[in-house]
Amino acid sequence: MRVVIIDDDVLVSMSLKTILEAEEEITVTCLGSSGEEAVQLYEKEKPDVLLMDIRMGGMTGLEAAEQILAGDPKARILFLTTFSDDEYVVNALRMGGRGYILKQDYEGIVPAIKAVYRGQTVVCGDIAGKITSLMSHNFAPFDYRMYGINEKEQEIIEQVALGLSNKEIAAKLFLSEGTVRNYVSVILEKLDLRDRTQLAVFYYRKEKENDI
């Protein structure tokens with residue numbers, strides 16, 4: 001079984017490679033560190049399973065997967081992340097991903113890879129019990145106008161929630177880093193929040209409330 005690993009943390013990638021190659025039937029053909037590399041390496045290597053992080057600077061794992069699946073709907077993509085968030089789960093599986101597991105679940109990584117290779121869909125234990133309910137929901141955008149948030153500010157909020165830094169957001173939205181910093185400060189003031197972590201939590205909570 002040929003596997004490609006994509007993670008922007010080199011130490012994580014090397015650790016995963018070591019874990020996987022302890023299994024005789026698994027060969028890690030190459031490592032990548034971005035969504036852009038994921039697209040390129042998938043096309044070049046055509047792996048049996050693509051093990052990919054979701055949160056990465058630039059093109060995210062979800063964005064890369066969407067592009068890969070558009071070209072090859074049968075691609076076996078297993079998402080790996082440190083975050084157990086409902087919206088990530090829904091987006092990952094709805095777009096055709098074969099699984100979603102947490103990085104800290106080291107013992108479950110190899111069984112998950114093998115299950116995806118066999119054509120199964122896998123999710124980590126704490127998500128499995130609510131997957132049916134999650135997949136039946138529609139995560140509609142929350143209306144921020146009641147908080148005085150304009151479209152550009154909402155775009156900034158979404159990027160912060162994805163874990164991007166001011167520098168990464170600036171590059172993605174073609175703004176200066178200082179402008180992004182100012183936007184974030186204004187947004188925090190409008191929402192009466194203390195920091196970026198609270199802003200990300202606010203974003204996901206409001207998305208879910210709007211879905212209920």
Side-chain angles (χ1 to χ4, degrees), residues 4-14 16 30-45 50-71 75 77-92 94-97 100 102-103 139 141-145 147-191 193-207:
V4 167
I5 298 173
I6 306 294
D7 195 299
D8 58 1
D9 187 323
V10 177
L11 291 178
V12 170
S13 294
M14 294 304 297
L16 291 172
C30 59
L31 307 176
S33 59
S34 68
E36 291 83 357
E37 277 193 281
V39 175
Q40 296 169 3
L41 291 176
Y42 184 84
E43 180 62 28
K44 177 183 177 181
E45 301 290 335
L50 175 63
L51 181 61
M52 179 162 57
D53 189 15
I54 285 182
R55 291 198 179 192
M56 295 182 287
M59 181 184 288
T60 67
L62 290 176
E63 292 169 337
E66 186 173 19
Q67 189 168 328
I68 291 168
L69 288 164
I77 301 175
L78 177 60
F79 291 106
L80 186 68
T81 184
T82 55
F83 301 92
S84 175
D85 182 86
D86 292 351
E87 186 178 14
Y88 281 148
V89 176
V90 171
N91 288 339
R94 278 183 175 168
M95 72 168 51
Y100 181 106
L102 301 180
K103 291 182 182 180
F139 286 82
F142 177 74
D143 186 358
Y144 282 89
R145 288 175 295 181
Y147 289 92
I149 299 293
N150 61 40
E151 291 184 4
K152 178 58 69 175
E153 289 168 337
Q154 183 177 341
E155 198 171 12
I156 297 290
I157 292 171
E158 292 170 352
Q159 299 307 312
V160 170
L162 288 173
L164 273 64
S165 66
N166 288 345
K167 183 177 181 179
E168 291 168 338
I169 295 173
K172 189 167 186 177
L173 301 184
F174 304 102
L175 300 170
S176 72
E177 189 173 349
T179 298
V180 173
R181 188 180 302 110
N182 291 337
Y183 265 122
V184 173
S185 296
V186 170
I187 290 167
L188 292 176
E189 183 176 353
K190 285 183 177 181
L191 299 178
L193 299 174
R194 185 177 62 249
D195 53 37
R196 297 167 70 93
T197 300
Q198 285 192 346
L199 180 57
V201 171
F202 177 92
Y203 171 81
Y204 287 117
R205 282 179 176 171
K206 293 303 179 183
E207 289 291 322

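Heads up: numbering here begins at 1 and tracks the sequence. In this text, all values refer to a predicted model and were calculated from it rather than measured experimentally.
Separation of atoms CD (Glu168) and CG (Leu162) is listed at 10.5 Å; rounding is to 0.5 Å. If you take CD1 on Ile68 and CD on Gln40, they are separated by 10.5 Å, rounding to the nearest 0.5 Å. One finds the CG atom of Leu80 at 5.0 Å from the CG atom of Leu51 (value rounded to the nearest 0.5 Å). For the atom pair CG (Leu173) and CD1 (Ile156), the distance works out to 5.0 Å, reported to the nearest 0.5 Å. Between the CZ atom in Phe202 and the OG1 atom in Thr197 there is a gap of 15.0 Å [rounded to 0.5 Å]. Considering CE of Met52 and OG of Ser34, their distance stands at 10.5 Å, rounded to 0.5 Å.
Heavy-atom contacts from other residues, nucleotides or ligands closer than 6.0 Å to NZ of Lys44 number 12 or fewer. Atom CD of Glu66 sits in a sparse spot, with 12 or fewer heavy atoms from other residues, nucleotides or ligands closer than 6.0 Å. Heavy-atom neighbours of Glu43 CD from other residues, nucleotides or ligands within 6.0 Å: at or below the threshold of 12.
The minimum heavy-atom distance between Arg194 and Gln198, with the atom names listed, is N-OE1, 2.6 Å. The two residues Glu153 and Tyr183 have their closest heavy-atom pair at CG-CD2, 3.7 Å. Heavy-atom minimum distance, Phe79 versus Gly61: CE2-O, 3.7 Å. The shortest non-hydrogen separation linking Gly35 to Ala64 is O-CB, 3.5 Å. Closest approach of Tyr42 to Ala75, counting heavy atoms only: OH-CB, 3.3 Å. Shortest non-hydrogen contact noted between Ile54 and Thr60 is O-CB, 3.5 Å.
Screening Asp7, Ile5, Ile6 for a side-chain contact (heavy atoms from CB on, under 4.5 Å) with Leu31, the sole residue that qualifies is Ile5. With Glu36 as the partner, the side-chain contact (heavy atoms from CB on, under 4.5 Å) test is satisfied by one option alone out of Gln67, Glu63, Met59: Met59.
Side-chain contact between Ile149 and Ile157 is present, with heavy atoms from C-beta onward closer than 4.5 Å. Using a 4.5 Å heavy-atom cutoff, the side chains of Arg196 and Asn166 are in contact. Taking 4.5 Å as the limit, every side-chain heavy atom of Ile169 sits out of range of all side-chain heavy atoms of Leu175. Val12 is not listed as a side-chain neighbour of Asp53, based on a closest heavy-atom distance of 4.5 Å or more.
Between the side chain of Glu45 and the backbone N or O of Leu41, no donor-acceptor pair lies under 3.5 Å.
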